[in-house]
Amino acid sequence: MSIPLALTVNGKAVKADIDPRLLLADFLRTTLGLTGTHIGCDTAQCGACTIHLDGRAIKSCNVLALQAQGADVVTIEGLAESDGTMHPMQAAFKECHGLQCGFCTTGMVMSAIDLVARHPNADEKTIREELEGNLCRCTGYHNIVKAVQQGAAAMAK
Amino acid sequence: MGAIESGFIGQSVRRKEDARFLLGAGQYTDDVTLPNQTHAYFLRSPHAHAKIRGIDTGKAKKAPGVIAVYTSADLEGVNGLPCGWLITDVDGTPMKEPPHPVLAKGKARYVGDHVALVIAETQNQAKDAAELIDVDYEVLPAVVNVVDALKPGAPQIHDEAPGNKCYTWAIGDKSAVDAAFAKAAHVTKLDIVNNRLVPNAIEPRAAVATYSRADDSYTLYVANQNPHVERLLMTAFVLGLPEHKVRVIAPDVGGGFGSKIYLYAEETAMVWASKRVNRPIKWAAERSESFLSDAHGRDHVTHAELALDKDGKFLALRVHTTANMGAYLSTFASCIPTILYATLLAGQYTTPVVYCEVTAAFTNTAPVDAYRGAGRPEATYVIERIVHQAGAEMGIPQDEIRRRNFIRTFPYQTPVALLYDTGGYDACLDEAMRIADVKGFAARKSDAAKRGKLRGLGYAAYIEACGIAPSNVAGSLGARAGLFEAGEVRVHPTGSVTVFTGSHSHGQGHETTFAQVVATRLGIPIENVDVVHGDTGRVLFGMGTYGSRSLAVGGTAIVKALDKVIAKGKKIAAHLLEAAESDIEFKDGKFTVAGTDRSKAFGEISLAAYVPHNYPLDKLEPGLNETAFYDPTNFTFPAGTHICEVEVDPDTGVVSIVSFSACDDFGNIINPMIVEGQVHGGLCQGIGQAMLEHCIYDSESGQLLTGSLMDYALPRADDVPSFKVETKVTPCTHNPLGAKGCGEAGAIGSPPALMNAVMDALSSVGVTHLDMPASPHRVWQAIQSARA
Ligand code: FES
Ligand code: FES
């Protein structure tokens with residue numbers, strides 16, 4: 001059984017007939033080939049799959065693709081400008097060495113942007129609490145916190 | 001030393017690899033999609049221990065989309081997975097090495113053991129079909145605790161290993177240790193458990209295997225830390241394929257921490273099956289499969305005794321450890337609690353005699369192998385906990401008892417085989433105490449006491465041995481592999497460079513660090529250097545990345561290749577400049593006739609090498625492409641002191657980390673930013689072990705109780721503080737970079753530092769024993785029973 005799905009992904013209209021049990025994360029990765037969204041767990045714990053759905057950070061492994069019917073989805077691939085210039089948060093992660101293996105990073109950046117949108121002047125404690133939903137096994141979070149602070153300052157400009 | 005001019009060395013160069021990761025353009029194994037690809041699913045045993053009386057795959061084979069279903073009966077001619085290190089028992093016999101079948105044969109020995117492989121058009125079809133496989137199990141009693149496994153009457157897991165014992169191994173002079181204990185003024189005794197951990201790299205293991213009929217060859221993409229080793233083990237030991245017909249690619253890999261060193265059943269079965277189904281096969285572990293089937297870490301039970309004289313000088317250390325191997329021997333399982341553990345038990349101290357006996361046993365749990373630190377965290381945990389306790393018992397301050405015993409003359413031969421080349425333990429201790437503001441601790445403690453809280457300060461002065469080597473010595477100790485590294489420096493005609501390294505980066509940033517070394521040495525822009533790793537089809541050879549060896553061993557192989565490039569460049573320059581080769585100097589990217597201004601730029605030399613018109617063709621081959629293999633003469637010995645300050649709420653048992661300070665000596669540092677990042681990550685993992693993480697199997701059923709990220713607590717951003725990190729440098733004396741390695745130190749020093757802090761905090765309420773993790777429940781219980 002296939003069901004038609006229409007939504008916007010990274011500014012482009014997308015249409016597909018999909019299996020109703022397809023998860024949004026799998027739709028992005030497999031159907032659209034947007035492999036920057038990663039899958040790190042099966043219990044909605046790690047946040048590697050974080051994307052923006054109608055402007056809010058969500059875990060795309062935890063919603064069905066069909067739940068994004070008509071939605072506006074932004075993935076990590078949709079953040080940089082068309083000439084490749086990074087979003088300030090991406091640039092801050094690089095500058096602060098907020099990533100090592102890179103696997104959690106894409107979800108971490110998507111969460112960080114949402115965090116800053118809700119708390120433009122977040123202190124370290126708030127940042128750490130807000131990043132609860134994103135696991136990183138490499139960085140010890142130290143430089144991620146710095147990156148979020150620096151990214152927030154750059155986004156405010 | 002001095003071989004490396006400054007240039008990019010010591011600079012926090014921003015990482016070359018970051019753009020692709022940040023733009024979502026990384027290529028991890030699960031991102032690889034091949035045309036006509038099929039999907040694999042592994043049916044796993046739901047029982048910890050069960051006889052397999054029969055497997056009926058008839059229905060599954062007929063299910064929609066199913067291409068093939070394989071069980072062990074199909075794997076004709078396929079050998080078991082090998083163990084790479086032979087440990088010899090104290091009785092002179094080889095360790096018990098029961099077969100480790102790729103798919104369970106006759107018996108399943110842990111929950112998650114691979115029983116059947118289903119290949120289908122889609123993942124869901126493969127999963128659905130697996131449910132139709134009918135396995136006739138006869139459930140047997142299981143044993144998961146390593147001490148229980150060695151008790152008489154314990155369930156027998158392998159016929160080949162009576163009493164479940166794999167080996168008993170020992171190191172050190174037992175009678176000298178016993179004699180020292182007889183004379184001791186004080187003896188400190190400690191019973192501790194090093195808690196079992198699940199590595200949990202955020203990228204789960206994954207593989208894509210494909211076979212080409214055109215040339216009878218295989219390609220395997222796999223999330224792995226050492227693709228050449230993976231290929232060697234898989235082809236030579238298990239599948240009987242010629243290596244040149246198998247290409248292993250470990251593309252971007254999302255963290256390893258040891259868990260991706262090993263040859264696993266999944267990718268082995270998939271490579272075998274890819275020829276049978278003649279289509280690409282893909283598999284990516286779900287997190288719950290990672291919990292069940294990734295090699296776990298630690299899981300030691302130890303009794304230790306430290307003999308001291310009246311002044312707190314260590315006279316002898318005696319250690320008995322029981323180590324859990326899990327159900328089968330994983331690739332390097334046997335050497336972790338022996339060669340990489342007991343040899344570290346001298347620590348930073350002059351303890352004249354040490355004796356350690358290790359018994360390793362099989363249990364009905366996932367195999368246990370190296371996890372970040374691999375043996376060295378376990379050793380450090382024993383030493384630093386017992387030193388702390390000795391200091392507390394004898395009333396000697398924690399820094400003082402360490403200082404009274406530090407090694408200060410190098411090279412230093414320990415009583416447990418290692419020869420430390422260099423170190424500076426006082427400097428790290430002093431600096432750690434400074435950044436931890438130990439001076440202000442008493443005031444902070446009394447302030448906390450006013451608020452009803454318990455403050456504690458914990459020290460850990462650790463040492464580790466990295467870059468395990470040399471190969472011949474390791475071989476005499478049972479290693480079945482070489483321990484060198486390979487590198488290739490390919491200079492292109494216009495002077496840009498591609499470096500091929502046998503090291504593998506899965507977060508360590510080699511593409512940047514190695515490029516810094518090469519660009520500095522050749523005096524060229526760093527943009528002109530690219531580093532290639534992780535592909536047996538492109539990289540000459542490699543032992544991969546584990547044990548903090550990449551820069552010290554892999555980096556040195558590159559330096560050796562660079563030496564050859566420069567030596568050849570000098571010959572070419574001598575010809576072009578019509579000078580004697582001995583008069584040519586190479587500096588800042590220029591070959592100069594000494595004492596003149598006549599010179600040729602690096603790019604001119606490379607061009608001459610590839611367009612050899614004016615070139616000494618009678619004496620010199622064209623081209624500028626050099627390789628080197630480097631086998632170190634010794635381990636490297638990173639060391640340092642970590643200090644943790646905690647505050648415990650006695651009413652709830654909650655431990656808060658107030659601050660964590662680390663001063664490490666990693667030898668020379670190429671990229672401080674990357675090194676600090678490695679320390680941060682290691683500290684967080686060690687704090688995870690000490691406060692949160694604990695892998696638990698049900699003792700009756702053998703079920704994994706902590707089988708998901710909802711039951712197994714990985715540290716999150718709000719579980720850890722920002723860290724205070726400093727370094728001191730004593731350069732390694734036996735590699736040209738002077739580098740020692742930094743990848744594991746954080747995970748080695750932090751668990752005892754944290755636990756000692758907790759013990760310090762709880763000493764005022766009378767707690768004398770606590771095992772990791774120091775969860776609120778355990779701490780609260782310890783307080784209650786101490787008060788009772
Ligand atoms: S994959 Fe979505 S939270 Fe882990
Ligand atoms: S950078 Fe590897 S998991 Fe975060």
Side-chain angles (χ1 to χ4, degrees), chain A residues 19 21 26 29-30 33-46 48 75-80 84 86-87 89-91 93-107 109 124-125 127-146, chain B residues 12 14-15 17-28 30-31 33 123-124 199-204 252-257 284 286-288 290 505-509 673-674 676-685 687 708-710 714-723 725 746:
Chain A
D19 180 345
R21 62 176 167 172
D26 290 324
R29 289 180 50 79
T30 311
L34 295 171
T35 55
T37 298
H38 299 151
I39 295 176
C41 74
D42 43 16
T43 52
Q45 289 291 306
C46 76
T75 70
I76 190 76
E77 290 91 345
L79 287 186
M86 287 188 197
H87 183 282
M89 190 57 79
Q90 290 170 309
F93 267 71
K94 174 169 181 167
E95 187 54 31
C96 297
H97 189 33
L99 65 155
Q100 291 182 22
C101 78
F103 198 80
C104 74
T105 308
T106 50
V109 168
E124 173 171 348
K125 187 165 180 289
I127 292 171
R128 287 187 179 274
E129 281 168 7
E130 285 285 326
L131 289 180
E132 260 246 324
N134 290 75
L135 285 169
C136 175
R137 194 59 156 162
C138 297
T139 63
Y141 303 102
H142 181 112
N143 286 341
I144 290 178
V145 172
K146 280 194 348 199
Chain B
S12 289
R14 298 303 185 262
R15 299 201 318 172
E17 42 273 83
D18 284 354
R20 71 173 185 277
F21 293 142
L22 283 161
L23 295 170
Q27 278 289 298
Y28 301 87
D30 192 31
D31 301 338
T33 293
Q123 214 180 4
N124 284 335
N200 274 308
I202 301 299
E203 179 206 23
D252 288 327
V253 173
F257 317 113
E286 295 179 5
R287 179 59 55 185
S288 31
S290 307
S505 178
H506 29 282
Q508 295 87 342
M673 173 191 84
I674 287 177
E676 279 173 26
Q678 287 293 310
V679 176
H680 297 156
L683 292 178
C684 186
Q685 268 172 339
I687 289 170
S708 84
L709 292 172
M710 299 172 76
L714 285 193
R716 295 174 186 274
D718 55 359
D719 291 316
V720 289
S722 284
F723 305 107
V725 173

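Numbers restart at 1 for each chain; the letters A, B, ... are given by sequence-line order, proteins then strands.
- Highest contact tally toward chain A, considering only B:Ser722, B:Gly746, B:Pro721, B:Cys684, is held by B:Ser722 [criterion: heavy-atom pairs under 4.5 Å].
- Looking at B:Asp719, neither its backbone nor its side chain comes within 4.5 Å of chain A, counting heavy atoms on both sides.
- Between the A:Asp42 side chain and the B:Ser288 main chain, a donor and an acceptor come within less than 3.5 Å of each other.
- Applying the ring-ring contact (aromatic ring centres under 6.0 Å, His included) rule to B:His680 yields the partners A:His142, B:Phe723; only residues at least two apart in sequence or on another chain are considered.
- Residue contact with chain A, scored on non-hydrogen atoms closer than 4.5 Å, involves the backbone of B:Val253 exclusively.
- Between atom CG of residue A:Leu79 and atom CG of residue B:Leu23 there is a gap of 9.0 Å, rounded to the nearest 0.5 Å.
- A:Cys41 has its side chain out of reach of B:Met710: every pair of non-hydrogen atoms, C-beta onward, lies at least 4.5 Å apart.
- Proximity to chain A (any heavy atom under 4.5 Å) is shown, for B:Ile674, by both the backbone and the side chain.
- Annotation: side chain of B:Ile202 is not in contact with side chain of A:Cys101 (no heavy-atom distance under 4.5 Å).
- With a 4.5 angstrom heavy-atom cutoff, B:Ala284 does not touch chain A via any of its atoms.
- Contact count against chain A (heavy-atom pairs under 4.5 Å) is highest for B:Pro715 among B:Pro715, B:Ser708, B:Ser290, B:Ser505.
- Heavy-atom pairs under 4.5 Å with chain A peak, among B:Asp30, B:Asp252, B:Val679, B:Val725, at B:Asp30.
- A:Arg137 contributes a side-chain N or O that, together with a main-chain N or O of B:Pro199, makes up a donor-acceptor pair within less than 3.5 Å.
- In this structure, B:Gly677 and A:Asn143 approach most closely via the heavy-atom pair CA-ND2, 4.4 Å.
- B:Thr33 does not touch chain A: none of its heavy atoms, backbone or side chain, sits under 4.5 Å away.
- Ranking A:Val145, A:Thr43, A:Leu131, A:Asn134 against chain B, the residue ahead of the rest is A:Thr43, based on heavy-atom pairs under 4.5 Å.
- When the candidates A:Ile144, A:Leu99, A:Thr106 are compared by the number of heavy-atom contacts under 4.5 Å with chain B, A:Leu99 comes out ahead.
- Note that the OG1 atom of A:Thr105 and the CZ atom of B:Arg20 stand 11.5 Å from one another [nearest 0.5 Å].
- The greatest number of non-hydrogen atom pairs below 4.5 Å with chain A, out of B:Ala717, B:Gly24, B:Gly254, is found for B:Ala717.
- Atom CZ of B:Arg15 sits about 6.5 Å away from atom CD of A:Gln100, to the nearest 0.5 Å.
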Given side-chain contact (heavy atoms from CB on, under 4.5 Å), test B:Gln27 with A:Thr35 step by step and report yes or no. CA-CA 8 Å; B:Gln27 278 289 298; A:Thr35 55; 4.0 Å; yes

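- Using a 4.5 Å cut-off between heavy atoms, B:Glu17 does not touch chain A at all.
- Neither the backbone nor the side chain of B:Leu683 comes within contact range of chain A, judged by heavy atoms closer than 4.5 Å.
- To the nearest 0.5 Å, atom CD1 of residue A:Ile39 and atom CZ of residue B:Arg287 are 12.0 Å apart.
- Across every non-hydrogen atom of B:Tyr28 and A:Gly102, the tightest pair is OH-C, 3.0 Å.
- Rounded to the nearest 0.5 angstrom, A:Thr139 OG1 and B:Gln678 CD are separated by 10.5 Å.
- At a 4.5 Å heavy-atom cutoff, the contact between A:Val109 and chain B is made by side-chain atoms alone.
- A donor-acceptor contact shorter than 3.5 Å links the side chain of B:Arg716 to the backbone of A:Glu132.
- A:Tyr141 contributes no side-chain N or O that, together with a main-chain N or O of B:Val720, makes up a donor-acceptor pair within less than 3.5 Å.
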Take B:Asp31 and A:Arg29 through the test salt bridge (charged side-chain N to carboxylate O under 4.0 Å, His left out) and record every step on the way to the result. CA-CA 8 Å; B:Asp31 301 338; A:Arg29 289 180 50 79; 2.8 Å; yes

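- Screening A:Met86, A:Lys94, A:Gln90, A:Glu95 against B:Asp18 for a side chain to side chain contact (heavy atoms under 4.5 Å, CB included) leaves a single residue, A:Lys94.
- With values rounded to the nearest 0.5 angstrom, A:Asp19 atom CG is found 6.5 Å from B:Asn124 atom CG.
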